[in-house]
Amino acid sequence: MTDAPRIPAVPTPHAHPADLTRATLAVTAGRPPRVQGSPVNPPVVLSSTYVSAGVPALGEKLYTRMDTETWGPFEEAVAALEGASEPGVVFSSGMAAIASVLAMVPDGGKIVVPRHAYQVTLGFVDDMALRHRVTVVRVDVAETEAAVAAMRGADLVWIESPTNPMLEVADLPVLIDAAHRAGALVAVDNTFATPLVQRPLEMGADIVVHSATKYLAGHSDVVLGITVTSSAHLNATILAYRTLHGAIAGPWEVWLALRGLRTLALRVERAQASAAELARRLAAHPGVEQVRHPSLPEDPGHEVASRTMDGYGAIIGLRPRGGAAAADAVVAALALWTPATSLGGVESTLERRRRFATESPTVPEDLLRLSVGIEDVEDLWADLDQALSRG
Ligand SMILES: Cc1ncc(COP(=O)(O)O)c(C=O)c1O
C-alpha cells in the first residue's frame with residue numbers, strides 16, 4: 001500500500017480573516033465550505049475503505065487507517081488554534097500522540113523531561129531507557145538555569161507546563177531557545193493550558209501535543225490525542241508513524257471532539273476564572289496547608305505565567321491540613337466535586353495523585369489535583385468549604 005500524501009479532508013472553507021480571535025476560530029475553523037446547501041457541520045463518514053481501482057491519485061483516500069474525512073476538520077481547527085501552518089494529526093489517545101513524538105528520538109539518544117509530568121509520559125520514557133534505547137534526564141522545568149544546563153547533547157526536550165500535577169510553570173521562550181541552541185527538538189504537552197492560554201509554537205516549539213481527552217473535547221466522553229507542528233517534515237514523519245503503528249481515532253470520537261471544541265473558549269474562560277477565585281479563597285481557609293495556582297501572586301509560577309501565558313488555567317493543587325488521610329477524607333466528604341482521574345471536563349473533579357504507586361515520589365502524599373469545571377463557583381466553593389471544615 002502506498003503511503004499517500006495527505007491533503008486536508010475538508011478544504012479550508014473560507015479564508016479565515018487573519019485577525020480572528022481564538023475564541024472565534026474555535027467556532028469557525030474546520031467547517032465545511034460555505035456554499036448553498038452544504039451542511040454547517042462536517043459529516044461523520046463511516047467507511048473503512050474507499051472505491052479505488054488501479055493506482056490511487058495523489059491525495060486520494062484509500063483506506064481509513066491512512067486518512068478519513070472526519071479527522072480533517074478537527075485537525076484543521078486545532079492547528080488554527082495553535083497557530084500551526086500544517087494540519088494537526090489526530091490519534092486514538094494522548095499517549096499515542098506522545099509516542100509518535102518520542103519515536104523520533106534516535107537509538108542512543110538523550111531526552112530531557114520534567115521531573116514532574118503526566119506519570120505515563122514519564123513511565124514511557126523510563127521504559128525506553130530500561131531497554132537501553134535512550135538516556136533520560138529529569139529536570140525541574142521551573143529551575144531554568146539547571147534545565148538549560150541539562151540540555152547539552154539532548155535530542156529531544158520534552159516540556160509540560162504547567163506540570164501535572166505540581167503546576168510548575170516553565171519559562172517556555174527561554175527553554176525553547178536554549179534547547180534549539182543545544183540542537184534538540186522541542187515538544188510541549190499543552191494539555192493543561194490549551195491553545196487559548198498558551199501557544200508554544202509561537203514561542204518556537206517544534207511540536208505541540210494534547211491529550212484531547214481533556215479540555216479540547218471537554219466533556220469526559222472520549223479519549224483522543226493530537227500533535228500539531230508547523231514543520232512539513234515533522235508532520236510527514238508523524239503521519240507516517242500513525243499509518244505504520246495504527247493508533248487511529250474513530251470517526252465518532254473525533255466528531256464529538258470537534259463538537260466539544262466549539263465551546264472551548266467559553267469553558268476555559270469560565271473554568272479558569274472560577275479556579276482563580278477558588279484558589280484565592282482556599283489560600284485563606286484554615287483547613288488548608290498549601291494551594292498552588294499560578295494566578296496567586298505568591299505562587300512560585302505567577303511571574304513566569306503572567307509573562308508567557310494568557311491566563312492561569314483551571315487546575316489547582318491543594319494540600320489540606322492533616323496529611324494524606326485528611327486529603328482522602330476531604331475527597332470522601334465532597335458531594336458536588338466528582339472523585340475521578342482525568343481532568344478538563346465540564347464537571348469539576350479531583351483526586352489524590354499519590355494514590356497511584358506510579359506517581360512520582362516527590363509529589364506530596366497529600367496533594368489533591370482539582371480540575372475546576374463550569375458549575376457555579378459559589379456551589380463549588382460551598383462544597384469545598386464544608387469538606388475542608390469537617391476535620
Ligand atoms: C498532561 C497530560 N498529557 C497526556 C495525557 C495522556 O492522555 P490520554 O489519557 O488521552 O492518553 C494526560 C492524561 O491524563 C495528561 O494529563
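Only heavy atoms go into these numbers, but all of them, side chains included; no hydrogens, no water, no symmetry mates. In each ligand, atom 1 is the first atom listed, and ligand 1 is the first ligand listed. Just so you know, these numbers come straight off a predicted model, no measurement behind them.
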Protein residue, atom and distance nearest to [atom], heavy-atom basis:
| atom | value |
| --- | --- |
| atom 4 (C) of ligand 1 | Asp189 OD2, 3.5 Å |
| atom 16 (O) of ligand 1 | Asn164 ND2, 3.0 Å |
| atom 15 (C) of ligand 1 | Tyr118 CG, 3.6 Å |
| atom 13 (C) of ligand 1 | Lys214 NZ, 2.9 Å |

[Y] and [X] side chains, donor-acceptor separation under 3.5 Å:
| X | Y | value |
| --- | --- | --- |
| Arg199 | Asn190 | no |
| Ser360 | Thr362 | yes |
| Thr229 | Glu86 | no |
| Ser211 | Thr213 | yes |
| Ser348 | Glu375 | yes |

Between ligand 1 and [X], is the shortest N or O to N or O distance under 3.5 Å?
| X | answer |
| --- | --- |
| Thr213 | yes |
| Glu160 | no |
| Met95 | yes |

Parallel, tilted or perpendicular, judged at 30° and 60°: which one describes the rings of Trp381 and His285?
perpendicular

Salt bridge (Lys or Arg N to Asp or Glu O under 4.0 Å) against Asp379, all qualifying residues, sequence neighbours excluded
none

Considering Pro162, Gly94, Ser371, which one's heavy-atom position lies nearest to atom 8 (P) of ligand 1?
Gly94

Who's closest to atom 7 (O) of ligand 1 heavy-atom-wise, of Ala193, Ser92, Ser211?
Ser211

Proximity flag Ile98 to ligand 1, non-hydrogen atoms under 4.0 Å
yes

Arg22 and Glu82, any side-chain heavy atoms less than 4.5 Å apart:
no

Taking non-hydrogen atoms only, is Leu224 closer than 4.0 angstrom to ligand 1 via side chain, backbone, both or neither?
backbone

